There are 2 protein chains.
Amino acid sequence: MKKETVRKEVTTMKDIAREAEVSVATVSHVINNTKHISDTTRNKVLRVIERYNYVPNSAAKNLRQQSTKTAGLVVSSFPDSFVTEMIFAIEERAKEMGYNLLLVNTNEDRDYEEKTINLLHSKLVDGIILSPTSGDIQYLQNYTNDNFPIVMVNRYESTIENIPRVTGDNFQLGYDATLHLLKHGHKKIGFIYSYPNVSTTNDRIRGYQEALKQYNIPINDDYIVQGYAKVKEGATAAEQLLAKDDQITALFVQNDLMTIGAISKIKELNLSIPDDIAIIGFGDFSSSHIIEPPVTNILLPPETIGRTAFDVLLNKINNPNYMSHIELPPSMLIRKSCGC
Amino acid sequence: MKKETVRKEVTTMKDIAREAEVSVATVSHVINNTKHISDTTRNKVLRVIERYNYVPNSAAKNLRQQSTKTAGLVVSSFPDSFVTEMIFAIEERAKEMGYNLLLVNTNEDRDYEEKTINLLHSKLVDGIILSPTSGDIQYLQNYTNDNFPIVMVNRYESTIENIPRVTGDNFQLGYDATLHLLKHGHKKIGFIYSYPNVSTTNDRIRGYQEALKQYNIPINDDYIVQGYAKVKEGATAAEQLLAKDDQITALFVQNDLMTIGAISKIKELNLSIPDDIAIIGFGDFSSSHIIEPPVTNILLPPETIGRTAFDVLLNKINNPNYMSHIELPPSMLIRKSCGC
DNA sequence: AATATTTAGTTAATCGATTAACCAACTTGA
DNA sequence: TCAAGTTGGTTAATCGATTAACTAAATATT
């Protein structure tokens, strides 16, 4: 039951060599400038290449050179403006450095993540930038033991220390945003996170709790709910929080889509922002300032994180012993939704 | 000045074969299920594979099999919700069909697009889904002559008819949105597009003009301005349109970011939406319904377009003679900004 | 019992480049 | 004039898999 494959007539270096009446080695040297070739021969070869519209077979090249000038980028989610901008920055930096990017989205599926990294490993890419999903990623240890370059971006896994990483300071982020709300007099602050058991969520929650502790406010785990990084689920999470007898007066939401969901739910309930419910979102998403009221956000710099991550990967590729844990500070973009 | 390369100790199939005391062929057959191997041998091999955490070298596999199970996706822009969702859909469909996706963003750079396709060609990928940027893309003809599978998505180039494509019906889209504004009594309608000389823009403008013509309204090219698909530039475009003596009363904007920019500019000018200026945007972006007033959009289905595009590519890969031009109809999501 | 078929493996050619090692012819220098 | 160096190439091994063709042993068939 073999599939009938239509054999493609693809020009190889051999064809070019034959046509130009030189050896394949010469063709290769002309293409790669690896040896001095006389102008006559060089031009003869180039003309044939031109005529046949010849492009060297990358698989063969990769196999021989043990390098692909391609990097893998494995992210766990996608249409969230922070991640999108980070991807964009990595892409851009890769382009600048002469690399291509193989982008894969695991959609928070741990098994798929492992499978993908397996696939990307072994010379399909020179290295991987990974934003891991939750769960045990000890399997990564095998790759790092093999000296296969991996760097973590945005999220990290604290049990694995020997992988370089570039993230935001999410503890500080959680702390700063919460403190801001506390200063406005809020005592019951809801926290809507995307996914559990990932460093971004964990660290922000720790920061949130630390701020509350400093204000001597008891920590209530019921105030911390999941919103799956989506509009609808963000709305549901907000609804759930606002339905409590406790009269929560502020919301701290961890991504743009959930923020939009939460705001639409608050409006639907005919509550006023920020008078009834204050809200702080995450990331400088573009509609923030035209939403009514304009949304106050706490941010991390996606471009810097992305570009830095790629540079770190490059360092790791060139030097297997390279190591660094880079953490970038958050900042706040204060508008109206927090009550300022 | 050769770079000192640290030779990586990578386990090959030969190592596995030696260790399991079988031939490399047997190892290959175990891995690929290409021949019946006794349970004893199979297990012996599998154990060694497990122990060494062995993964076959894809470059070698690709070279031999003349197939990579990877598709290239070349887009010309990125952080726009329509494109993002389309990419997401293509990704998802590729995953379902056992393919990986090599995503490259050309950022509207024609030369980079050509270079990228050159690179992706020749067995780095099995085929390419392309959303071409403007300019002469006759160079594509070389690839299609080689039977290299390419399909165009979202945008197309009308001078090349022998490449399958999946797009929206943008003429209809331009027509419908404009007609809607005309029915509300608007006569001076500004049109803000992202990039010139691409089919999406051209077709929508044709639709826009056709609608005006049917209402016997003279076409004024000054009403058609560029917004570069970005928030800031969208705002500038809106400002430029509203500054005219003509008193434009409606805006038809071709992507989410520019729509957000235009709205913020209108608010900045203390004009009311929809009373002073009606506005119709494009795409069902998530903040549409919480912006004040909620934004009316005309849409195309990014998921259907994306999934279909991948299926078309698959057809083209399996059958070089496959051909189709698929055009999906627009729909409208009416909210308040149009004056309804 | 002789022959045919099945099972379980092996051998070796192959994919299309890169590149170290080699070589021939020509220059240069003393 | 002859050794040394330079120029402009070529030869052939190699990267790490896949797979057609082959073989030996075991099993089935007549």
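This is a predicted model, so every value here is computed, not measured.
- With hydrogens and angles ignored, no donor-acceptor pair closer than 3.5 Å exists between the side chain of B:Lys61 and the base of D:dG16.
- Backbone-only contact: B:Val22 has heavy atoms under 4.0 Å from sugar-phosphate atoms and none from a base.
- When the C1' atom of C:dT18 is taken as reference, atom NZ of A:Lys14 falls 15 Å away, rounded to whole Å.
- Put simply, A:Gln65 has a side-chain N or O that comes within less than 4.0 Å of OP1 or OP2 on C:dT19.
- Within 6.0 Å of CD on B:Gln138 lie more than 12 heavy atoms contributed by other residues, nucleotides or ligands.
- When heavy atoms are screened at a 4.0 angstrom cut-off, B:Leu63 is found touching base atoms of the nucleic acid.
- Atoms CG (B:Asn57) and P (D:dT14) sit 17 Å apart, rounded to a whole Å.
- In the helix from C:dA1-D:dT30 to C:dA30-D:dT1, the terminal helix axes, each the rotation mapping four pairs' C1' atoms onto the next four within five end pairs, subtend 40°, rounded to 10°.
- Whole-Å rounding puts the B:His29 NE2 to D:dA21 C1' distance at 11 Å.
- For the pair B:Lys44 NZ and C:dA8 P, the computed distance is 14 Å after rounding to whole Å.
- Listed pair B:Thr41 / C:dG9 meets the phosphate criterion, a side-chain N or O lying under 4.0 Å from OP1 or OP2.
- The side chain of B:His36 contributes an N or O atom lying less than 4.0 Å from OP1 or OP2 of C:dA8.
- When heavy atoms are screened at a 4.0 angstrom cut-off, B:Asn62 is found touching no nucleic acid atom at all.
- Listed here is the closest heavy atom pair of A:Val74 and A:Leu120: CG2-CD1, 3.7 Å.
- Computed from coordinates, the A:Ile31 CD1 to C:dA17 C1' distance equals 9 Å when rounded to whole Å.
- Residues B:Arg42 and B:Arg64 both approach DNA chain C. Their nearest nucleotides, taken by heavy-atom distance, put B:Arg42 toward the 5′ side.
- Contact annotation: B:Tyr54 does not reach the phosphate of D:dG16 (side-chain N/O to OP1 or OP2, under 4.0 Å).
- For A:Ser28, a side-chain nitrogen or oxygen approaches OP1 or OP2 of C:dT18 to under 4.0 Å.
- Comparing C:dA21, D:dG16, D:dT11 against the side chain of A:Ala25 picks out D:dT11 as the nearest.
- Within the 4.0 angstrom heavy-atom criterion, only backbone atoms of the sugar-phosphate kind lie near A:Thr12; the bases stay farther away.
- The minimum heavy-atom distance linking A:Pro132 with A:Met152 is given by the pair CG-SD, 3.9 Å.
- When each of D:dA17, C:dC22, D:dA20 is scored by its nearest atom to the side-chain atoms of A:Lys35, the top-ranked nucleotide is C:dC22.
- Between A:Met13 atom CE and C:dC15 atom P there is a gap of 15 Å when expressed in whole angstrom units.
- In A:Glu303, the CD atom is crowded: over 12 heavy atoms of neighbouring residues, nucleotides or ligands sit closer than 6.0 Å.
- Of the N and O atoms on the side chains of B:Thr70 and B:Asn100, not one donor lies less than 3.5 Å from an acceptor on the other residue.
- Atom CG in A:Asp15 sits roughly 9 Å away from atom P in C:dA17 (whole-Å rounding).
- Cation-pi geometry between A:Arg93 and A:Phe310 is not met: the NZ or CZ atom fails to fall both under 6.0 Å from the ring centre and inside 45° of the normal.
- Distances shorter than 4.0 Å separate none of the side-chain N or O atoms of B:Gln66 from OP1 or OP2 on D:dT18.
- The CG atom of B:Asn43 sits 15 Å away from the C1' atom of C:dA8 (whole-angstrom rounding).
- Considering all non-hydrogen atoms of both residues, A:Ser134 and A:Asn197 come closest at CB-O, 3.2 Å.
- Residue B:Ser38 is classed as a sugar-phosphate contact, given heavy-atom separations below 4.0 Å to backbone atoms only.
- Here A:Asn107 contributes atom CG and B:Glu91 contributes atom CD; the two are 8.5 Å apart, rounded to the nearest 0.5 Å.
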